Structure formats: C-alpha cells, structure tokens
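Notes follow the structure.
What's counted below: heavy atoms across the whole structure, side chains too, no hydrogens, waters or symmetry copies. All values reported here derive from a predicted model rather than from experimental measurement.
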Amino acid sequence: MALSIEMNFAFRTEEVIDVLLQFEAAMIPEQTLRDYHTLIPPHEHFARIPAQDGIGDRLWIRAQGRVEAGYRARVQVDRMLSELSQLERMDLHDLPGETVPYLFDSRYCPADRFQTFVHDEFGTLSGGGQIVAMRDWIARKFTYTPGSSTATTTALDSFTERRGICRDYAHMMVTFARAAGIPARFVSCYAPDVTPQDFHAVAEVFLADETTPGGGAWHLVDATGMAEPGEIVKIGIGRDAADVSFMTSFGMTEFLEKTVSVVRE
C-alpha cells in the first residue's frame, strides 16, 4: 500500500525556548520512504536524535517567534499481517527484555487499576482472542467525540466517561492489554481514513509470532476502527502519548494551526 502524506503546523513563542518535535514517518523495515522532505526554517539550534526504541526520530529546535513546520512523504507500507484472533499469548518469562517496560503502568495508562475488571470481563479468553474482545468492547462502549478530552485525560477518565478521541481509545486498549499481562505500547501514526483527518493513534500488542517458534511480534490494534494495520504509517512508539507527542514545548507557546492529509496513491 502506497500513501502520500502532507502535514503543516505553526506555533508562536515570545521567549526563546526548546521544542521537541516528532512528526516524520519512521524509517523501519515495514515501511519504505520513497520520497520525503521536512521543512523547518533555520533556528539557533537544530538536532536530530533517535526516538523511543530507535523507531523514528525526534527533532530538537530552539525557537522564538512564529515557527512553521512542514512534512511531505510518499510511503510504501509492506507490513506482514496476521489473523489477530489466532495468535497466542507469550508466557511472561519468555518475553524479550525490550517488551517488559510495556507491561507496567505509565502516565496515562494505570493498568494495575484494571486488573480485576479485565479478569472479570475478558478472563475466559487469552492471547489474540482476548485482544480482539478488548478492542471490540472499546468500540462498542465508547463514543468518538472530538474535543471531549484534554492533555491530562487518562485511561481511567476515558473508562468513566466512555468517550474520547483516538488517543483515548489507544490508551484504553494499551491499559486493558497490560492489565492482562500482554505488553502493549502507544503508536503515533498517519492513516488515510481518519475522520477528521489528523495525526492518529493506535495500540500495538506483543503476541506469539506464528512464523517463528518461541518468538513474538508486535501487532497493531485500532479500537476506533478507522485505520487498517496494512495502511498505517508509524511515526513513533512509546509507553503512552507523552512519549510520542508531535510537539513538546519546554516553555509557553501559542499553537496556531495544523493540517494533515493522508491519501492512497
């Protein structure tokens, strides 16, 4: 699947501050960047650093005044897909070390608080079948409501209110999976059918790899139902949204505008 991506945003800051950006499609084996260009005007400081787990890059800039950023890319997605419901859960003691941090609570995903609920609601299932049941539960129980959550909304808040945006759906999915002892992480991404079009967020869970005995692999899960795994372009991954915000400012800023376009070629 080939996708064409175009993104622009602008913000303003009165004082000189440091800003950390992450909006470029990651250069990873499952997606090939055939043509790409990042537009950021010259600044006092600019640095490119590896993002979480080496998936994608973050950009440091030292900014003042009006700042504009743009990104264009053509991406070929060649992701191996599996039937999620057929995948087995890995025993905890067999998990690779790099997956272990994704079993723990994080800022927006208090998984420990949901262990009893997950056991009662999904405890008769396991592995991919359990993940599918969690995804479908969120899809049924939640209402996608733009503007209904804020930067402080946690999965516990979303569970109570039963509404949110993609970020909240992903946090809920990650939280449920971790509560069941399945490593889960937050994925920021681009996808073509997101409505309204914007940056998107999905979950990714670690389950047994049907092609490698004793091994495991990450599998994308979108409880909003807006993005198919074969059409998702990853930007970055993290424990939750705090790790992969497209813009983190270390000082006061005024966000001005943003446009995102993702179309199939």
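In this structure, S245 contributes its side chain and A241 its backbone to no donor-acceptor pair below 3.5 Å. Side-chain N or O atoms of D105 include one that pairs as donor or acceptor with a backbone N or O of D112 at under 3.5 Å. Panel note: side chain Q31, backbone A26; a donor-acceptor pair is recorded below 3.5 Å. Remark: the backbone N or O of L84 is not paired with any side-chain donor or acceptor of S82 at under 3.5 angstrom.
Heavy-atom minimum distance, A191 versus A227: CB-CB, 3.7 Å. Between D168 and S158 the shortest heavy-atom distance is CB-OG, 3.4 Å. In plain terms, the two heavy atoms of V118 and A180 that are nearest each other are CG1-CB, 3.8 Å. Counting all heavy atoms, side chain and backbone alike, T195 lies closest to M226 at N-SD, 3.4 Å. Considering all non-hydrogen atoms of both residues, D240 and C109 come closest at CB-SG, 4.0 Å. When all heavy atoms of I165 and P146 are compared, the closest pair comes out as CG2-CA, 3.6 Å.
In the hydrophobic clustering of this structure, V205 groups with M172; members are Ile, Leu, Val, Met, Phe, Trp, Tyr whose side-chain heavy atoms approach within less than 4.5 Å, directly or through other members. In terms of hydrophobic clustering, with Ile, Leu, Val, Met, Phe, Trp and Tyr side chains grouped at heavy-atom distances under 4.5 Å, F46 and F23 are assigned to a common cluster. A chain of hydrophobic side-chain contacts below 4.5 Å, direct or via other Ile, Leu, Val, Met, Phe, Trp or Tyr residues, connects L33 to F199. Under the 4.5 Å side-chain heavy-atom criterion for grouping Ile, Leu, Val, Met, Phe, Trp and Tyr, Y144 is connected to V221 within one hydrophobic cluster.
I55 forms part of a hydrophobic cluster together with I28, M90, L92, L95, V100, Y102, L103, F104, V187, V202, F206, W218, L220, I232, I237, judged by ILVMFWY side-chain heavy-atom separations under 4.5 Å. Taking Ile, Leu, Val, Met, Phe, Trp and Tyr as hydrophobic and joining them when side-chain heavy atoms fall under 4.5 Å apart, one finds L39 isolated, its cluster having no other members. Applying the 4.5 Å side-chain rule to ILVMFWY residues, one finds L20, I49, W60 in the same cluster as F250.
The number of heavy-atom neighbours closer than 6.0 Å to CD of E15, taken from other residues, nucleotides and ligands shown, is 12 or below. Counting heavy-atom neighbours within 6.0 Å of Q64 CD, excluding the residue itself, gives a total above 12. By the neighbour-count criterion of 12 heavy atoms within 6.0 Å, atom CZ of R239 is sparsely surrounded, having that number or fewer from other residues, nucleotides or ligands. Counting heavy atoms of neighbouring residues, nucleotides and ligands inside a 6.0 Å radius, atom CD of Q115 exceeds 12 of them. Within a 6.0 Å radius of CZ in R79, more than 12 heavy atoms belonging to other residues, nucleotides or ligands are found.
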Under 3.5 Å, sequence neighbours excluded: what are the donor-acceptor pairs made by side chains of residues 120-136?
{"unit_1": "Q130", "atom_1": "NE2", "unit_2": "F122", "atom_2": "O", "d": "3.0"}
{"unit_1": "Q130", "atom_1": "NE2", "unit_2": "L125", "atom_2": "O", "d": "3.4"}

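Two residues are said to be in side-chain contact when any heavy atoms from C-beta on lie closer than 4.5 Å; S249 and I17 meet this criterion. For the pair T13 and E254, the minimum side-chain heavy-atom distance is 4.5 Å or more.
F255 is linked by a ring pair (Phe, Tyr, Trp, His ring centres under 6.0 Å) to F246, counting only residues two or more places apart in sequence or in another chain. Scanning for ring pair (Phe, Tyr, Trp, His ring centres under 6.0 Å) contacts around F114 gives F159, F176, with sequence neighbours left out.
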Original post:
When you look at R72 and E24, which way does the salt bridge (Lys or Arg N to Asp or Glu O under 4.0 Å) test go after all the steps?
Top reply: CA-CA 9 Å; R72 315 283 184 277; E24 300 169 320; over 6 Å; no
**OP:** For S106 and R178, run side chain to side chain donor-acceptor pair (under 3.5 Å): C-alpha distance rounded to whole Å, both residues' side-chain angles, the deciding distance at 0.1 Å, then the answer.
**Re:** CA-CA 10 Å; S106 59; R178 290 179 187 169; 3.0 Å; yes
**OP:** Take E14 and M252 through the side-chain contact (heavy atoms from CB on, under 4.5 Å) test and state the conclusion after the steps.
**Re:** CA-CA 8 Å; E14 296 299 327; M252 296 298 296; over 6 Å; no
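With 3.5 Å as the limit, one finds a donor-acceptor pair spanning the side chains of D157 and T154. A donor-acceptor contact closer than 3.5 angstrom links the side chains of H200 and D222. Using modelled atom types and a 3.5 Å distance limit, the side chains of T152 and T150 yield a donor-acceptor pair.
Taking the six-membered ring for Trp and the full ring otherwise, the centers of Y71 and H37 sit at least 6.0 Å from each other.
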